[in-house]
Amino acid sequence: MFTNETLLALAILGSIGLVMSVLLSIGKRIFAVETDDRFDRLMDILPGANCGGCGFPGCSGFAQGLIDGTAKPTACPPGGPEVTVLIGEIMGVKLTPGEPMVAVVGCAGDHSAAPPVANYQGLRDCRAAHAVAGGAKSCAYGCLGLGTCQTACVFDAITITDTGLAIIDRDKCTACGACIEICPRQIIRLHPKRDEVHVLCINPDKPKEVKAVCTVGCTACKLCTRQSERLVMDERLAVVSPEVKADIPASCALVCPQGTIFDLRQYALSDWILDPAARRDFEQRQEAWKAEEKARKAAAREKKSASKAKPKAAPDTNTDANAEPGTDATPSAGGEA
Amino acid sequence: MSILTFRGGIHPRYNKERTAALATKPLAAPDELVLPLSQHIGAPAVATVSVGDTVLRGQTIAQPGGFVSAAIHAPVSGTVSAIEPRPTGNGTLGDAIVLANDHQDTETSYSGLGEDWAQADAATLRDMVARAGIVGLGGAAFPSHVKLAPPPDRTIDTVIINGAECEPWLTADHRLMLESATAVVSGLRIIQHILGAPNGVIGIEANKPDALRAISQAATGTPIRVVSLAVKYPQGGEKQLISACLKRRVPQGKLPMDVGVVVHNTGTAAAIHRAVVDGRPLLERIVTVTGTAVSQPANYWVRLGTPVAHVLQHCQTELTPAGKLILGGPMMGIAQKHADIPVVKSTSGILVLQPKDATTRPASPCIRCGRCVDACPMFLVPQELGAFARLRMIPEARAAAALDCMECGSCAHACPAHIPLVQLIRLAKADIHAAARKKM
Amino acid sequence: MSTPLIVSASPHATSGATTPKIMWSVVLALAPATAYAIWLFGYPALSVIAATVFCCVFFEALCGLAMRRSPTITDGSAALTGLILALSLPPGLPLWICAVGAFVAIVISKAIFGGLGQNPFNPAMAGRVFLLIAFPADLTRWLVPQQHAGDTLFGEPVTALDAQGRITEYGLTNVDAITAATPIGLLREKGANIVADLPGNIEFLLGHINGSAGETSAFLLLAGGIFLLIRRVIAWHIPVAYLGTVALFAAITHLVDPSAYAGPAFHLLSGGVMMGAWFIATDYVTSPMFPKGRILFGVGAGILTMVIRLWGGYPEGVSFAVLLMNACVPFFNAWTRPKPFGATTATSGGPQP
Amino acid sequence: MKEIFVIVLMAMLTENFVLAKFLGICPFLGVSKKTSTALGMSMAVLFVMMVASILTFLIHHFALVPFRAEYLQTIVFILVIASTVQLTEMAIQKMSPPLYQALGIFLPLITTNCAVLGLAVLNIQNDYRLLQVIFYAIGASGGFALALILFAGLREKLELAEVPQAFRGPAIALVTAGILSLAFMGFTGLAPAS
């Protein structure tokens, strides 16, 4: 079976292989360079979207940052808690995953609510329009709706309605922050995912000016702050405060005369903004709630006046009084112009 | 006299003939004047009057809010009706002092040095300029007293007065040079005295021969050199003017004073003359009101704070819908959303265009014709900067010297595809600054 | 207060130049040469030109719809590409081949790169080279100008005509029958000694020779080119560099060996050089943006044209030369970037667009 | 001497390894994103081609032919090329890590690069002498470099083009390469193989 031909072939190949392997081992020693194998294992578990949410140029930059310690393992928003845990295992560090967040656009003033005052011509880019006399929008703080956040979003969670407003899809959003950083008016803010109520306005101007530019702006009437401690006033703007631990009843959205407060439990965001039927339905429920609220207060007042008629009690510290609607006009239906 | 110029630049339609021959007329003061606290580059001024005070014409109503800032004076006598945010020319709300005009125009007393200003030393002259609230009237509105105080290690050998007025449509400087040539020349000599600069140059574009004659005649008997410049935009740019007049090139990222030169606008020189000799602060300025939608264009002495709507009423101009209202010239002016914004120190012109001239054509794809490269006076590649801006390639934009762009508009003017190159480059510059800030 | 004024970034004035104006003025500059070619060759030339231009515009509209972009057929770029391609094809070419050429030119070498302004290669030349390689026979069969419809070509008997009346063979007394060739082709086949009895340069100038529609009438093409130069639609750098290099190259080779190589006049006035220098190489999109880069481009194209003409396998080198130079444009742009005003060190990075 | 010039010219232009013979396409597509990496790759391929073609030539004439074992040609050539590539890879990793990072998988891939093996086999088929082998290697790697660097320049330009979604990435690269090889066909017949 071993004719001299196969022997010959084996000899030739063997000798060349031997010479080459000697050469390579010498080379190995001359050109020795150590590399870190954790880099490749990290690259496998990272989502690979290169979205820059961690502040590093792409996932390879983030992995390199993890190895030389400049990056925090929880800094990968798209990866979310699972990736954080995996990073912990590779880097040999025990980690508790961060709280899931989601980005929300703090404005509901599309073309119908905040009509454009001028005819903007030029780049279809919010930052460019913002630099040209604040774009065409009347409100200087509102969403310009030219889609810069949409193009910046790697997970295409953002759509621009044809009435010129950005809407973020809560499920697709991984809170990577790309849209927050690029929006020239910082309208988009990060909120914990479990929050269901948001105030869709960031215009801090006086109520008179807000009403002049938008029909769904927050006019600082403070009514919502009475419905729940979680809603507090930040100068002339109602905000959902992250520190206060209290739930927000559905009445908060109903009490707001401008319809600025959006309640995820009652309406989907796209219907709330686009679907006039949802708005009409909201206004009817608002009417019903107000009527029922007035009846409740009237009943409370009789009960009190009845109790006051018997003993001459101390001066009436009727805590209910300040429950009356605040200085502003009584909350009329929906947003009037 | 040989015609000097620079490389690059464009020849837009100048349309100056409509107002070049019209003498400057004073404009009647309005009932309410709005004086924004920030009319200049640098910190906003700090109001020294409160609501209800009565003020006299020429009285200081706001002190500079820092070294790089400028004082503000009352252009009319009357009472302070409010200090509140009011719309300004750059589209934002800004704190402003609102004066109710009593139409008496009672003046305060002014104390100037008269003709023998030469005895005073540089510091007092500089202080008079500062107290008079003088800023660059060419459109930059940079506080003049700061430019008159270069750091000690910089010796200034030449002062150039910029009479180019290369911006189309506008004739404010042209009229000023004709009507107050001696003030311009005397202002230049005051600036030379403050800076200790031996030689002075006044550059005027060749399309203003009468101004050239007036200034040369006023400058006879002085060592000042009056040069004629080619009619090309942007001849009035600082670096282009220096390279045309003195054949000196300001290095990249450096200032004119780094090559021993300071440039001032003709209006600024005249204002400095009035501040030092007569002690008068900056209360009004020449504004050219022109444009295809203005039936009676004119040059006016407009008091600072006069609402643009008031000025337009005087020229029987109705803001037709889909037209355009621009503060400044067509090349670097800012389009406005409405007319109740005040004329401020940097407003050199009010341009009102009819819809057919106002609508911008939609951008079509770039065909790499290179006309923007030939037009750019800073020798940049606008087409490439635009592409980097659109794709947010920030390091490449910085490497291609985007920050050198002075937004003169020559590239976008020359572009056959109507790509808004200046708007794109502005985005790139904002990104570069943001990236630098993030790194710090 | 509420008149909706227009708000846009500065500058608010433009020069009035527009892409359609540029494209249509180049088409206008080509009109005399086109008309002359149609007059010279009659229906075969007209059909080729009409078919190619129509197909190009049709494909451009189709791609515009497919990519949901605003239709760009009115800006004249597709029509111009069609016209240039048509002028570089022999008259009497079967129309379906013209359609294939138009498809390659518009769809493959322009639309899928992103449409106008994004294509690295000159669409017309890519189309022509594709046809030259795909249909060699058809691309090298020439029609005798109407005025010489007699049975001789350069005084040689025409031995065979094909269906469309195109010469398939003609006999040279001292050489066996060869396929009819353009003067350039003849030069290739027979060496320079035939140059003597080729029609005189005047004939070339007036275009009484056969060749593709664009290769005739060097005089009208030159006039069109000068027209574009005066209207500042094109810059002088590419034509001057290109024609200068071709002339120099031809002069040197002619000096070295007059019998084998024709002189500069012949090379300048014949074949596609005049057309290439003024209308093809100066296509903004596929040529460098900076003056010095354009000169490099012109010189390179000139050298390659002559190398292919004198020693290459194909009689005409213009289309190949232009395509090869298009490939080098990114490097020409990078090497000849202007230094910013007052720059102390060069700030040009790697090759940029 | 004229023959050497013809060999180099033929290898670089008329019979360009990438654009005419269509060898070495995968590094041609993989490494041409940036001109700097394209340059690095061309240097690496030049080195490997030189060393490999000389070694394979010597082995062929002094080992395979005397023992009439020409049938071992392919396996032996691959072995030689593989070890040369391994050596180059180590050297590049040591000398310029960024280039090593940029070339990535395509550096070890030179082993299976058909251009290198093609060159070695062509040397034998055209039965060139040693001097011709060296110049043919120079011509071949020069042609590879010319095509790769030109193509990288074009692809960098395409980075800024709004290529339609369906054609982004390798699709548009292949179309560009196709037109580039169309252009190189202009050189056919330039220097007919002697």
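Below, chains carry the letters A, B, ... as their sequence lines are ordered, and counting in each starts from 1.
- Residue C/Ser8 holds its OG atom at 7.5 Å from CD of B/Gln423, rounded to the nearest 0.5 Å.
- Remark: C/Thr19 OG1 to B/Ile367 CD1 distance equals 4.5 Å, nearest 0.5 Å.
- Both the backbone and the side chain of B/Ala412 come within contact range of chain C, each with at least one heavy atom under 4.5 Å from a heavy atom of that chain.
- Looking at C/Lys339 and B/Phe379, their side chains never come closer than 4.5 Å, going by heavy atoms from C-beta outward.
- Counting heavy-atom pairs under 4.5 Å between each of B/Leu380, B/Val373, B/Leu353 and chain C puts B/Val373 at the top.
- Looking at B/Pro420, neither its backbone nor its side chain comes within 4.5 Å of chain C, counting heavy atoms on both sides.
- With a threshold of 4.5 angstrom between heavy atoms, B/Pro362 does not approach chain C through any atom at all.
- Atom CG of C/Leu5 and atom NE2 of B/His338 lie 9.5 Å apart (nearest 0.5 Å).
- Between the NE2 atom of C/His12 and the OG1 atom of B/Thr359 there is a distance of 13.0 Å, given to the nearest 0.5 Å.
- Heavy-atom pairs under 4.5 Å with chain C were tallied for B/Pro12, B/Gly409, B/Cys369; the largest tally goes to B/Cys369.
- Under the 3.5 Å distance criterion, the side-chain polar atoms of C/Ser15 are matched with a main-chain donor or acceptor of B/His413.
- The contact between B/Met332 and chain C is made entirely by backbone atoms, counting heavy-atom distances below 4.5 Å.
- Between B/Ser364 and C/Asp75 there is no side-chain heavy-atom pair separated by less than 4.5 Å.
- Of all the listed residues (B/Gln336, B/Arg249, B/Arg13), the one sharing the greatest number of non-hydrogen pairs under 4.5 Å with chain C is B/Arg249.
- The side-chain heavy atoms of C/Met289 and B/Glu384, taken from C-beta on, include no pair separated by under 4.5 Å.
- When heavy atoms are compared at a cutoff of 4.5 Å, B/Cys372 does not approach chain C at all.
- The candidate from B/Gly323, B/Pro251, B/Cys366 with the greatest count of non-hydrogen atom pairs under 4.5 Å with chain C is B/Gly323.
- Taking C/Pro20, C/Gly16, C/Ala9, C/Ala17 one by one and counting their heavy-atom pairs under 4.5 Å with chain B, the maximum is reached by C/Ala17.
- Heavy atoms closer than 4.5 Å to chain B are found in the backbone of C/Arg232, but not in its side chain.
- The shortest distance between side-chain heavy atoms of C/Met23 and B/Pro416 does not fall below 4.5 Å.
- Between C/Phe341 and B/Asp404, every side-chain heavy-atom pair lies at or beyond the 4.5 Å cut-off.
- Proximity of C/Thr14 to B/Cys415: side-chain heavy atoms (C-beta onward) are nowhere separated by under 4.5 Å.
- Heavy-atom pairs under 4.5 Å with chain C peak, among B/Leu325, B/Ile10, B/Ile326, at B/Ile326.
- For a residue to count as touching a neighbouring chain, one of its non-hydrogen atoms must lie under 4.5 Å from one of that chain's; by this rule B/Arg7 does not touch chain C.
- The minimum heavy-atom distance between B/Arg426 and C/Ser10, with the atom names listed, is NH2-OG, 3.0 Å.
- Put simply, the side chain of B/Arg368 never gets that close to the backbone of C/Ser287: no donor and acceptor are under 3.5 Å apart.
- Shown here is C/Tyr284, whose OH atom has more than 12 heavy atoms of other residues, nucleotides or ligands within 6.0 Å.
- Only the side chain of C/Ile22 comes within less than 4.5 Å of a heavy atom of chain B; its backbone N, CA, C and O stay farther away.
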